[in-house]
Amino acid sequence: MLMRYWQPFTEIETIRQQLDKVFDQRATARDNSEAAWMPALELADAGDNFILKAQLPGIDPKDIDVQVTREAISISGERR
């Protein structure tokens with residue numbers, strides 16, 4: 001029979017390292033916040049149409065430019 005001893009401090013250290021990686025990735029994304037910022041989107045199929053809803057807090061609707069092509073939808077704007 002194989003005996004395996006539980007080492008809680010080793011497991012806690014592993015969890016801490018994993019959390020550090022997560023927060024380091026978030027910090028890196030925050031440093032490039034303009035490039036990394038992505039709004040929440042909802043796309044619904046309504047039969048012959050598609051309905052796209054985007055949450056764009058802090059952006060005036062007149063500052064938004066939406067371009068639709070057969071391959072993609074591009075939403076651009078300026079946050080002030």
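Keep in mind the model is a prediction, meaning the values are calculated, not measured.
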Answer with yes or no whether the hydrophobic clustering places Ile75 together with Leu43; edges join I, L, V, M, F, W, Y residues whose side-chain heavy atoms lie under 4.5 Å apart.
-> yes
Is Ile12 reachable from Val22 through a run of hydrophobic residues whose side-chain heavy atoms are each under 4.5 Å from the next?
-> no
For Ser74, which residues count as a side chain to side chain contact (heavy atoms under 4.5 Å, CB included) partner, sequence neighbours excluded?
-> Gln67
With sequence neighbours left out, write down each residue that passes side chain to side chain contact (heavy atoms under 4.5 Å, CB included) with Arg4, or none if nothing qualifies.
-> none
Distance in Å, Ile64 CD1 paired with Leu56 CG, rounded so as to fall on 0.5 Å steps = 4.5 Å
Separation between CG (Asp20) and CD1 (Ile15), nearest 0.5 Å, reads 12.0 Å
Are Gln17 and Glu13 close enough that a side-chain donor and a side-chain acceptor fall under 3.5 Å?
-> yes
